[in-house]
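To find a chain, count down the sequence lines: A is the first, B the second, and so on, and within it residues start at 1.
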Protein chains: 2
Amino acid sequence: MDDAHRLQYLFQTLGEANRLKIIKFIGDKERSVSEIVEATHLSQPLVSHHLRILRQRDILETKRNGPFIYYKLKDTKLLDALGLFLGIASTPKGKRTMEPMFCCPPWWRKGKKKL
Amino acid sequence: MDDAHRLQYLFQTLGEANRLKIIKFIGDKERSVSEIVEATHLSQPLVSHHLRILRQRDILETKRNGPFIYYKLKDTKLLDALGLFLGIASTPKGKRTMEPMFCCPPWWRKGKKKL
DNA sequence: CTTTTATATAAGTAATCATTTATATAAATG
DNA sequence: CATTTATATAAATGATTACTTATATAAAAG
C-alpha cells in the first residue's frame, strides 16, 4: 500500500462526524461504551459500530473490566494532529458556509456564454 | 457547523487516494489539467471531477492562461499536515496490512464461547 | 468559420457505508 | 438457573460518491 492509500484509509476512518465526536469525547481518557452513548446521544449499536471500526483501524484499543469495555486512544498524538487540521478546516477566506453542490437550477446556462 | 462536521468535511475531501495523488503532484507548484492527467494516469474527466471538488472545497484555486487552467494549493500548510498524518497512518505496531473486515467465515463462533 | 486542443459537465452505474431494528453474547446478580 | 445490565453483531435500507462514457464549452489556429 502506498502513501496515498494509507492516507486515504486514515482520512476515511476519520471522515465521519460521529466518530470524531467519539474520539474527542474519549480524549486522553478511558471511556466505557455507555459513557460514550450518553455523551454523544447516539444509539448503542451505532456507537458500537463506530467503535469497532476505530478499533479495527488501530485508532482505539480496548480493555475489559467486568461487564464494561473501556476504549482509549492508541496514540494520543492523534489529538494534536486533529487540532492542526481543524485550523486548516476553519474556512479562513472564501467564507462559503458549505459547498454549493447545486449552485444553479438545471436550466441555468442554457444560452449563456462564459464557462 | 461545529468542529466535528468541519473536520468531517475536510477529511472526506482528503479521503480519496486519487485526490491525494493530485495534491501531492501539485505540491507547491502550479499544474495544468493535462500535466495532472499525465502524471496520475487518470482519465481527463476523472481528473476534472476531482479538481472541481478540491476547488469547491477550498483546497485548490485556479488561474487561466490561454487554453490552460492551472491549479495550485490554496494553503501549502496542507502539505505539512499531510506529512504529519502520514506518520500516524504508517501502521506503527499492529502491523496488520489492512483491515480484516471479514476476519472469520460466517460459521465461525457457532458454538464457541468467548465474545 | 472550421478544426483542433484543453477542459468541463452530464447521465448512468456500481460500490461503499452510516444508520436503524432486531437479536446475540457476556458478566453479574438474585 | 433466571434476570438484568453492558456490549456486540446481523440484516436491511437509503444515501452518497467514484468512475466511465459521451458530450459541451472555450480558446487558439488554420
Counter-base of C:dG30, judged by Watson-Crick or G-U geometry with both distances under 3.5 Å: D:dC1
B:Tyr9 OH to D:dT16 C1', straight-line distance once rounded to whole Å: 14 Å
Pairs flagged by salt bridge (Lys or Arg N to Asp or Glu O under 4.0 Å) wherever residues 30-54 of chain A is involved - sequence neighbours left out: A:Glu30-A:Lys63
Partner of B:Arg57 by side chain to side chain contact (heavy atoms under 4.5 Å, CB included), out of B:Leu60, B:Leu54, B:Ile53: B:Ile53
Under 4.0 angstrom between B:Asn18 side-chain N/O and D:dC19 OP1 or OP2: yes
Rounded interatomic separation in angstrom, taking CD1 from A:Ile53 and P from D:dT9: 12 Å
Residues in contact with DNA chain C, drawn from residues 19-47 of chain B - heavy-atom cutoff 4.0 Å: B:Ser32, B:Val33, B:Ser34, B:Gln44, B:Pro45
Separation of atom CD in A:Gln8 from atom P in D:dT17, rounded to whole Å: 14 Å
Residue list, side chain to side chain donor-acceptor pair (under 3.5 Å) with B:Gln44, at least two apart or on another chain: B:Ser48
Gap between atoms CZ and C1', on B:Arg64 and C:dT7 respectively (whole Å): 7 Å
For B:Asp3, salt bridge (charged side-chain N to carboxylate O under 4.0 Å, His left out) partners two or more places apart: B:Arg6
Gap between atoms NE2 and C1', on B:His50 and D:dT20 respectively (whole Å): 12 Å
Gap between atoms CZ and C1', on B:Arg55 and C:dT7 respectively (whole Å): 11 Å
A:Ile69 CD1 to D:dT5 P, straight-line distance once rounded to whole Å: 18 Å
Residue pairs, two or more places apart or on separate chains, that pass ring-ring contact (aromatic ring centres under 6.0 Å, His included) and touch residues 20-75 of chain A: none
Euclidean distance, atom CG of residue B:Leu51 to atom P of C:dT9 [Å, nearest integer]: 11 Å
DNA chain D: 5'-proximal contact among A:Phe68 and B:Gln12 (nearest heavy atom): A:Phe68
Nearest-nucleotide 5' precedence on DNA chain C, A:Asn65 against B:Tyr71: B:Tyr71
Expected output: side-chain A:Glu61 to main-chain A:Lys74 donor-acceptor under 3.5 Å: no
A:Ser48 side chain, from C-beta outward: closest of D:dT7, D:dA28, D:dA6: D:dT7
Residue pairs fulfilling salt bridge (Lys or Arg N to Asp or Glu O under 4.0 Å) with at least one residue in residues 11-29 of chain A, sequence neighbours excluded: none
Touch class at under 4.0 angstrom, heavy-atom based, for A:His49 against every strand present: base
